[in-house]
Asks: 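Dropping the structure in here first, questions after.
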Amino acid sequence: MPTWKEVTAANPAHSHNFARKWKTLRAQGKDIDGEARLIDAMVERNSRVFDAGCGSGRLGGELAKRGHTVVGVDVDPILIEHAEHDYPEARWEVGDLSEDDIPEDNFDIAVAAGNVMTFIDPEGRDAALRNVFDALRPGGRFVVGFGEGRGWGFEEFLALAGAVGYRVDFTFSSWDMKVFKDNSTFLVAVLTRPGADLLG
């Protein structure tokens, strides 16, 4: 799988096209907030949310509108411009999850949707998982979703998450929490930084 930087280098129009796609779907009345509904249901009101690989702000922007304090980071400055324009309620920053410090910490929950993790250079996977881990409060959770066939096997991902220090609490095959099976083609993993939570 190419990294996001490689994708945008090969096609400079990709970022604007990507942002436009989500705006078009929303304008058509399509439901594009499934991930946000799940994250919203998992936290208290007015929680601190980190949108890892936030893109044009579709997910984090919806969570900000629901009253959460949202910080989003993405490697693509064009997508960050879209996020800042469309969702001024949140804080958006350009940054690489595997190379740069996350601008804040003590988050209640972090989320990486839209196959974000599979766009990270394999050399930076461990660092990206550790950076998000360090940005969570003890007991905070990181919810990651991506599809198969994108260069990072589900078992390999879960093993690395465990090695970093996360506890794998749940695995689903969709953002609406369908059961994960051996033949599932999509993974939504709920990872926890052990600490001050009921299961800790």
Side-chain angles (χ1 to χ4, degrees), residues 1-12 14-15 18-19 35 39 48-61 63 69-84 90-138 140-169 171 175 186-195:
M1 275 300 299
T3 66
W4 189 264
K5 291 177 182 178
E6 291 169 340
V7 169
T8 55
N11 178 10
H14 182 79
S15 299
F18 179 82
E35 302 103 325
I39 300 305
R48 289 178 48 74
V49 179
F50 177 57
D51 190 351
C54 60
S56 56
R58 170 182 64 92
L59 196 168
L63 291 169
T69 299
V70 176
V71 176
V73 167
D74 199 279
V75 73
D76 190 327
I78 293 174
L79 294 182
I80 290 295
E81 287 179 11
H82 282 276
E84 290 174 334
R91 175 183 177 185
W92 309 106
E93 299 282 346
V94 176
D96 188 316
L97 294 173
S98 60
E99 296 178 5
D100 301 320
D101 291 335
I102 292 171
E104 296 182 23
D105 59 12
N106 204 39
F107 290 100
D108 299 297
I109 199 163
V111 57
N115 297 303
V116 162
M117 299 306 285
T118 63
F119 282 109
I120 295 173
D121 188 308
E123 296 290 322
R125 290 172 176 174
D126 181 276
L129 286 170
R130 288 182 190 280
N131 284 341
V132 175
F133 183 94
D134 291 341
L136 293 169
R137 65 166 175 78
R141 291 178 285 189
F142 185 24
V143 185
V144 178
F146 64 92
E148 72 172 2
R150 304 187 63 84
W152 200 351
F154 299 151
E155 290 185 11
E156 180 188 4
F157 168 78
L158 294 172
L160 182 56
V164 165
Y166 291 97
R167 186 181 65 227
V168 180
D169 283 345
T171 53
W175 287 97
F186 197 85
L187 169 70
V188 175
V190 179
L191 314 173
T192 298
R193 174 177 177 170

Asks: Output every pair passing ring pair (Phe, Tyr, Trp, His ring centres under 6.0 Å) with a member in residues 97-132, not counting sequence neighbours, ordered by first then second residue.
Replies: W4-F119, F50-F107
Asks: Of the non-hydrogen atoms in A9 and P12, which two are nearest, and what is the gap between them?
Replies: O-CD, 4.2 Å
Asks: Kindly compute the distance separating OG (S15) from NE2 (H82), expressed to the nearest 0.5 Å.
Replies: 8.0 Å
Asks: Could you tell me whether the side chain of S56 reaches within less than 4.5 Å of the side chain of D76, counting heavy atoms only?
Replies: no
Asks: Which atom pair, heavy atoms only, marks the closest approach of P103 to E93?
Replies: CG-CG, 3.9 Å
Asks: If you apply the rule side chain to side chain contact (heavy atoms under 4.5 Å, CB included), what do you find for N115 with W152, and how did you get there?
Replies: CA-CA 10 Å; N115 297 303; W152 200 351; over 6 Å; no
Asks: Show every salt bridge (Lys or Arg N to Asp or Glu O under 4.0 Å) that has at least one partner inside residues 141-160, sequence neighbours left out.
Replies: R125-E156
Asks: Is the shortest side-chain heavy-atom distance between V116 and L97 below 4.5 Å?
Replies: yes
Asks: Which atoms form the tightest heavy-atom contact between D74 and C54, and what is the distance?
Replies: OD2-N, 3.4 Å
Asks: How many angstroms lie between atom CG of L136 and atom CD1 of I102, to the nearest 0.5 angstrom?
Replies: 8.0 Å
Asks: Report yes if some heavy atom in the side chain of R48 is under 4.5 Å from a heavy atom in the side chain of R137; otherwise report no.
Replies: no
Asks: Heavy atoms only: give me the nearest V188-V143 pair and the separation to one decimal.
Replies: CG1-CG1, 3.8 Å
Asks: Please report the shortest heavy-atom distance between L59 and A113, naming the atom on each side.
Replies: CD1-CB, 3.6 Å
Asks: Among all residues two or more places apart in sequence or in another chain, which pass the salt bridge (Lys or Arg N to Asp or Glu O under 4.0 Å) test with D96?
Replies: K5
Asks: Quick one: ring-ring contact (aromatic ring centres under 6.0 Å, His included) partners of F146, sequence neighbours excluded?
Replies: F154, F157
Asks: Between F142 and L129, is the side chain to side chain contact (heavy atoms under 4.5 Å, CB included) condition met? List the steps.
Replies: CA-CA 9 Å; F142 185 24; L129 286 170; 4.0 Å; yes
Asks: With sequence neighbours left out, write down each residue that passes side-chain hydrogen bond (donor to acceptor under 3.5 Å, both in side chains) with E81, or none if nothing qualifies.
Replies: none
Asks: If you measure from CG on L187 to CE on M117, what distance do you get to the nearest 0.5 Å?
Replies: 11.5 Å
Asks: For the atom pair CG (L158) and CG (L191), what is the distance rounded to the nearest 0.5 Å?
Replies: 7.0 Å
Asks: Rounded to the nearest 0.5 Å, what's the gap from CZ on R91 to OG1 on T69? Could you check?
Replies: 12.0 Å
Asks: Centroid-to-centroid, Y166 to F133, below 6.0 Å?
Replies: yes
Asks: Are side-chain heavy atoms of D121 and S98 found at a separation under 4.5 Å?
Replies: no
Asks: If you look at every heavy atom in G55 and A83, which pair is closest and at what distance?
Replies: O-CB, 4.1 Å
Asks: Holding to side-chain hydrogen bond (donor to acceptor under 3.5 Å, both in side chains), I want the full list of residues that pass it with D126, two or more places apart in sequence or in another chain.
Replies: R130
Asks: Flag yes if more than 12 heavy atoms outside D101 fall under 6.0 Å of its CG atom; otherwise flag no.
Replies: no
Asks: I would like to know whether D51 and L63 meet side chain to side chain contact (heavy atoms under 4.5 Å, CB included); could you show each step before the answer?
Replies: CA-CA 10 Å; D51 190 351; L63 291 169; over 6 Å; no
